[in-house]
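Inspection log for the structure reproduced underneath, given as structure tokens.
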Amino acid sequence: MTDINFAQLALFISALLICVTSVIFTVIQQRTDKLQNKIYLILISIVGLNAVSQITRVFVDPVRMDSDGAFFLFRLCDYTYFVLHTALSPMFFLYVCIVCGYGGKGPVFRRNLLLASPFIITELLAVINPFTRWVYSYNEARVFNREWAENLIYFAAAFYFGLSFFRLIFTWRALTAKRRTALIYFFIIVVVGVILQFVNISIKSELFAEALALLGVMIAIESEDDRIDIDTGIYNRKALQSDLSTALLNKRNIDIICVKITNIDLLEHTSSSDNSDGIQIVIAGFLRTLVPRYCIYNTSPGTFILTVLDGDHSRSLKMAEIISKRFNNSWTLGENSLLLNAVVMLSESPERIKNPADVFYMADSPVPTNLDKKVLSGRDLDYLMRRSAVENALARGLEEGNFEVYYQPTYSLAERRLHGAEALIRLHDSIIGNVYPDEFIPIAEQNGLIDDIDDFVLREVCSFIKSGVPARLGIDCINVNLSVIECMQPGFVKHINTITDEYDIDKNRINFEITESIAASNYETLSRVVASLKADGFHFSMDDYGTGYSNMRAIFMLDFDVVKIDKSILWSAEESELGKIILESSVHMIKQMHRQILVEGVETETQIELLKQLSVDYLQGYFFSKPIPKAEFIQLVESARS
Ligand code: C2E
Ligand code: CA
Ligand code: CA
């Protein structure tokens, strides 16, 4: 009679404990609904059950000679071991395929019988072994013997292992470093374990190695700590990036539904950040009624992405409509009820989505404000193409020098002459033609190119002033538009002075225009910037008075020299009595604040008469001239003087 082999027992029990740990953590973290999670649980269960059968075998081994019952149990242990373990390698292959994003319709094996045949054959061999004894047998002394078919099982395992490896290499680019490391770690540990046991059957290292390798897989692949936002429990940008790149690399058809809440800032202003997390959880809860939880991503506050893999496009469209309709009703958060505005976009691969960046572009670009639809799909999304074309044109513009500064003269009513000009930027692109600032300035403000553009304009204006031509023509001052975003940046005052100092010009000849609506938002910083630049000699105008919120305090405190009344105010003064009252009282009030007044958008003689009566200081508009290139501007002013 032999003794219990404690060395083997220890290894098997360790393997079992590792498996139990992995199962517990998987269940605690509720990672059980994805196909990937399920296959992982199958893998770990196979190894765990194998460990159980091996533990039992170790106990029965010493007594197998004594009773037939014990020998039966002994054989049962071997049998279950072989039947289950034969499935491990093919299952692992399936797992790697899913992690690497290989999908198609249904699991890989169903699609490819040829690929599954080694598995089917070897599994069958294991199942019928009690009758055939092709895989293993026992001699009279009830000792286990390997038979020829066991090699087949090893070959099949090696085959699937090899396939998994190729799958991994093929998808290498789309995998995160963490996933790559985990899978490579798995291969190394398992290969070492199997080789040891193959060389010497008494070293039972195989199961232990497999359990250990699967634990590594759990930590690095199954664990989603870095893919999920801790506060909301929703998948994050990183998860979307990695899931999209694997799916696209595998040429899967993806429909992307992007839900953008357009009044999310309102929520941020009125409530604490807890609330804005809270509302995102509520919305995600609703979205989960439409798609599984692992298809919902939150890319930025108020923006959700839903992925539909290999789905039916018309179903996705219906889903987008359901989502959009839901936003007609309010959302309940604690005791509050909130009405949110949302735009839902539906885009698809490969037509509109070629790489993950396309999805992020859609998610991050602001939606046009003049929309008549709430669900955008197909051609509705062309604005994104236009936007990206403009972004490219902007980048090219700076590199290739496609920007040009135009000048629009301003007229002094008191002096009855052209006395100044506003510098206005133009972009002549070789591919998309002329682009106007109303379109590209907002985009440049979002992608940060505005700083370079405004610097370019300032340099052009400085060099124009430096040339002495404006002074000779009696152009006292040139107006330069500033983006308020830029003014708020630290070091801005110094930056402006550095540029103008390079040209050694009289700073009195530059007048900066800032738009009033934004001027109100960060008032303190801006007033310091204005005061400081005014102390250096620059002038300041408030642009677009009468458009956004009219902040009287801003006009007064920011110490503007000139207030520019927006063209819309002038135009509506001609149209209605109310418009006239607004224009008149605005002029009156600004005068009382001792600011000079310029009215924009002057196109007709009648407008000039009206403005003369109100005795404003300056006029600007197409009546005098459109914005024109520098050479034309010089000609215009010269001919006006003679
Ligand atoms: P803005 O500063 O209010 O500029 C006046 C706009 O009104 C100009 O449009 C000008 O062409 C237009 N305009 C002037 N007179 C008339 C008129 O009589 N009738 C009509 N219908 N329009 C008139 P533009 O050049 O397309 O500029 C649009 C906006 O782009 C500007 O509005 C300004 O906010 C921005 N912008 C232009 N150049 C720059 C720049 O160099 N830097 C920055 N940050 N923004 C700029
Ligand atoms: Ca302006
Ligand atoms: Ca303006």
Side-chain angles (χ1 to χ4, degrees), residues 4-61 76-96 98-99 153-154 157-158 160-161 164-165 168 178-227:
I4 289 179
N5 187 331
F6 286 105
Q8 288 187 359
L9 190 63
L11 268 185
F12 294 141
I13 291 181
S14 310
L16 180 61
L17 288 178
I18 294 174
C19 292
V20 171
T21 311
S22 301
V23 171
I24 289 176
F25 274 91
T26 301
V27 173
I28 286 180
Q29 311 232 340
Q30 296 175 344
R31 293 187 303 255
T32 48
D33 51 349
K34 271 199 229 185
L35 184 58
Q36 176 190 321
N37 304 145
K38 288 184 181 133
I39 305 274
Y40 179 76
L41 277 173
I42 293 177
L43 283 171
I44 207 82
S45 310
I46 292 177
V47 177
L49 288 172
N50 277 170
V52 171
S53 68
Q54 292 299 70
I55 291 166
T56 321
R57 191 184 191 271
V58 171
F59 281 110
V60 189
D61 190 28
L76 191 65
C77 289
D78 282 339
Y79 184 67
T80 49
Y81 180 86
F82 271 93
V83 168
L84 289 172
H85 202 258
T86 304
L88 188 68
S89 193
M91 275 296 160
F92 179 67
F93 172 54
L94 194 59
Y95 182 76
V96 171
I98 290 165
V99 170
I153 293 184
Y154 269 104
Y160 288 113
F161 221 59
S164 312
F165 194 74
L168 178 65
K178 216 170 129 188
R179 291 186 164 205
R180 291 174 187 169
T181 322
L183 290 172
I184 292 294
Y185 166 84
F186 184 96
F187 280 106
I188 295 173
I189 297 273
V190 170
V191 166
V192 169
V194 171
I195 289 179
L196 269 181
Q197 183 164 339
F198 193 77
V199 171
N200 183 343
I201 197 162
S202 65
I203 307 174
K204 297 288 185 191
S205 50
E206 198 179 303
L207 270 186
F208 182 72
E210 285 159 2
L212 203 60
L214 283 174
L215 180 72
V217 167
M218 181 186 79
I219 293 169
I221 300 179
E222 291 290 297
S223 158
E224 304 207 293
D225 292 350
D226 58 341
R227 292 168 43 89

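Side chains included, hydrogens not; waters and symmetry mates left out as well; all remaining heavy atoms used. Note that the structure is a prediction, hence the values are computed from the model and not measured. Sequential numbering from 1 along the given sequence is applied to the chain's residues.
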request  = Report yes if the side chains of Leu207 and His85 come closer than 4.5 Å at any heavy-atom pair, otherwise no.
outcome  = yes
query = With a 4.5 Å limit on heavy-atom distance, are the side chains of Phe208 and Ile203 in contact?
reply = no
For Val191, the option from Val194, Ile189, Ile195 that meets side-chain contact (heavy atoms from CB on, under 4.5 Å) = Ile195
request  = May I ask you to test the Lys34-Glu224 pair for a side-chain heavy-atom distance under 4.5 Å?
outcome  = yes
ask   = Got a sec: does the CZ of Phe25 have more than 12 other heavy atoms crowding it under 6.0 Å?
value = no
query = Could you state the interatomic distance from CZ (Arg57) to CG (Asp61), rounded to the nearest 0.5 Å?
reply = 6.0 Å
remark   = Minimal heavy-atom distance between Ala157 and Ser89, with the atoms involved, is O-OG, 2.8 Å
note = Distance col, row Glu206:CD vs Tyr81:OH, nearest 0.5 angstrom, shows 4.0 Å
key: Validation row: Ile221, Tyr40 side chains within 4.5 angstrom (heavy atoms)   = no
Flag side-chain contact, heavy atom, 4.5 Å: Phe187 against Ser164 = yes
inquiry  = Using modelled atom types and a 3.5 Å cut-off, is there a donor and acceptor pairing between side-chain atoms of Thr80 and backbone atoms of Cys77?
reply    = yes
message = Can you confirm whether Gln29 sits close enough to Glu222 that some side-chain heavy atom of one is under 4.5 Å from a side-chain heavy atom of the other?
response = no
Where Asn37 and Thr32 come nearest, the two heavy atoms and their spacing = OD1-N, 3.7 Å
Verdict with reasoning, Phe186 to Phe165, per ring-ring contact (aromatic ring centres under 6.0 Å, His included) = CA-CA 11 Å; Phe186 184 96; Phe165 194 74; over 10 Å; no
query = For the atom pair CD1 (Ile98) and CD1 (Ile39), what is the distance rounded to the nearest 0.5 Å?
reply = 4.5 Å
message = Would you say that Ile44 contacts Met218 through its side chain, given a criterion of any heavy-atom pair below 4.5 Å between the two side chains?
response = no
query = Ring centroid separation for Tyr154 and Phe161, is it under 6.0 angstrom?
reply = no
query = Rounded to the nearest 0.5 Å, what separation is found between the OG atom of Ser53 and the CG atom of Asp78?
reply = 8.0 Å
Quiz: residues 7-19 side-chain donor-acceptor pairs under 3.5 angstrom, not counting sequence neighbours:
from  : atom 1 : to     : atom 2 : distance (Å)
Gln8  : NE2    : Ser202 : O      : 3.3
Ser14 : OG     : Ala10  : O      : 2.6

message = Could you measure the distance from the CG atom of Leu88 to the CG atom of Leu214? Nearest 0.5 Å is fine.
response = 7.0 Å
request  = Drop me the distance from Ser45's OG to Asn50's CG, to the nearest 0.5 angstrom.
outcome  = 10.5 Å
